There are 2 protein chains.
Amino acid sequence: MSGNVSSPGATVVSRVLAVLYAFDNGHRRLGVTELARRADLPVPTVHRLLRELVAGEALTRDSGGRYVIGRRLWDVGMLAPEQTELQQVASPFLSDIHAATRATVHLAVRDGTEVLYLDRLSGRASVPVVSRAGSRLPLHATGVGKVLLAHAPAQLREDYLTMEMRRPTVHTVTHPERLRRQLAVVRREGYATTEDEMTLGACSIAVPIARAASGSGEQEVVAALGIVVPTLKRERTRLLTALQVAARGIGRSLP
Amino acid sequence: MSGNVSSPGATVVSRVLAVLYAFDNGHRRLGVTELARRADLPVPTVHRLLRELVAGEALTRDSGGRYVIGRRLWDVGMLAPEQTELQQVASPFLSDIHAATRATVHLAVRDGTEVLYLDRLSGRASVPVVSRAGSRLPLHATGVGKVLLAHAPAQLREDYLTMEMRRPTVHTVTHPERLRRQLAVVRREGYATTEDEMTLGACSIAVPIARAASGSGEQEVVAALGIVVPTLKRERTRLLTALQVAARGIGRSLP
DNA sequence: GAGTGGACTTTCACTCAGTGAAAGGTGTGG
DNA sequence: CCACACCTTTCACTGAGTGAAAGTCCACTC
């Protein structure tokens, strides 16, 4: 190759992935030029890759000629065992909580320093919430996030506390010392709550899901289960109980 | 390349996709050799591609060293607008039906000659059903399938009737003339039912979801909504009403 | 504990698939 | 009409990709 790409170790595979990863929640429909910019690749290169990806049905073109993720990649994604096995086990329990509380129910895991939402059940009447399956939020501003952070490895937790934390609302707790104390409470009490920390007018409760330990010993927290409601009112105990029952059920059902 | 691959037009991109498409519902964890066989590529080639895909976090290796679809591909798949936009609009309505009926609820589209399940809500108590989000079944043996087939283009419908049809149970209707009459009834009545056609002991009702036409004219059926229950009992009317309310709601909410 | 079969990994010389600057279209707006 | 932005195609060069073959690892057998 004459000029070749700036970054070393550039293979076709890495370029293909760069193109695919250029899509995100806010950018689901992209043109060649924008994809090239986002993937940091020359336009003609991206253009050719896109043609081959479309030929392979990995991508499709929408009515406006822009490129979108296609059905077959969706299919492939649905085969990721890490996400879908947990999601599948949890699904009936989420339904139960949703039926019992009519609140928005979330299933989430920790991905690095973010909450990754695996599933969401929301009623029509419930609070509008940003999260959807596949979306990410910071660990410190949501109920499920606090649970996951509280049960993360100590090293990661301490690192997180020293990082710059986003403040979606004025109620978001970003003071390291205050957050550290909150997390200790979450571990001790077994649940986390937030009020107006991510979205004004939205409160949340969340509990950890632990893989049921065969013998004794430390239980590994694999995910978190949470609900979002307009206000916690007097309901806290009832909602918490529903969550904990479900979390235990999921933990027992895990392989 | 000295020998090169048998099939012409073999690019790296097509090879990568062949490797990814080698995964399916029954084969989520695969070794190099099996992947190579399924993708019809030489083992060393697949091996190198796999390494690069793992480096790019598209794939992961499970505890047994086998390759599985990774988190980032799941992420990417969740961005497919065709599947997820419909799924997202429909989600609260599925919750409503599920809460009202406690039955297993399905959202599905037609993909060629198959039903593609986009979402499923199942209670713990409900009939065990094979379908899950991302899985496919033949069009003629399920409620949602009959709805989608009934509203498919006439040409495709006729072609389908001449094809060999699988018979999961003895009650599956595969006789072309009988099925054609059933589909006419489905179009006229606006819903489809099955009893024991896919799974013994499972019945289903399904209705079409049509994009709400702005003016008058033909409404385009984009998906189907169905539930699966142990037996229809006297409940048929109530269940059907719940479904139809939801289907209209989704149709109105579509962009 | 040597032997055997199977799957996984690495090597390496050859060469053609991939590359990207440049040029050619296409469409929109001033 | 020109200017600008985006999409698409061309083409000569060359190193990234290729896959047969050889090497490694592991489990299971006799």
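Chain naming here is simple, since letters A, B, ... match the order of the sequence lines and numbering starts at 1 in each. For clarity, every value in this text was computed on a predicted model and none was experimentally measured.
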Roughly how many Å is it from CG in B:L30 to P in C:dG6, rounded to a whole number? 19 Å
Taking CG from A:L49 and P from D:dG17, how many angstroms apart are they, rounded to a whole number? 12 Å
Distance only, no hydrogens: is a donor on one side chain within 3.5 Å (strictly under) of an acceptor on the other, for A:R120 and A:S135? no
Validation row: A:L53, A:L20 side chains within 4.5 angstrom (heavy atoms): yes
Using only side-chain N and O atoms of A:T45, determine if any of them is under 4.0 Å from OP1 or OP2 of C:dG20. yes
Ignoring backbone atoms, establish whether A:R51 has a side-chain N or O less than 4.0 Å from OP1 or OP2 of D:dT9. yes
Side chain of A:R61 - closest among D:dG17, D:dA21, D:dT8: D:dT8
What is the separation between atom CG on B:L50 and atom P on C:dT10, rounded to the nearest whole Å? 12 Å
Single hit among A:T113, A:T174, A:V115, A:L161 for side-chain contact (heavy atoms from CB on, under 4.5 Å) with A:H140: A:T174
I want to confirm an ordering. Mapping A:V13 and A:P44 to their closest nucleotides on DNA chain D, which one lands closer to the 5' end? A:P44
Has B:H47 got a side-chain N or O lying under 4.0 Å from the OP1 or OP2 atom of C:dT9? yes
A:R37 CZ to D:dC6 C1': how many Å, rounded? 12 Å
Any B:T33 side-chain N or O less than 4.0 Å from OP1/OP2 of C:dC8: yes
In whole Å, what is the span from the CD atom of A:E34 to the P atom of D:dC7? 9 Å
Would you say C:dC8 has OP1 or OP2 under 4.0 Å from some side-chain N or O of B:R66? no
Distance col, row A:L148:CG vs A:L183:CG, nearest 0.5 angstrom, shows 11.0 Å
Would you indicate what B:R48 reaches in the nucleic acid, counting non-hydrogen atoms under 4.0 angstrom: base, sugar-phosphate, or nothing? base
Assign each of A:Y67 and B:E52 to its nearest nucleotide of DNA chain D by heavy atoms, then name whichever residue's nucleotide is nearer the 5' end. A:Y67
Should A:R15 be listed as having a side-chain N or O under 4.0 Å from OP1 or OP2 of C:dG20? yes
Looking at CZ of A:R51 and OH of A:Y67, how far apart are the two atoms once the value is rounded to the nearest 0.5 Å? 8.5 Å
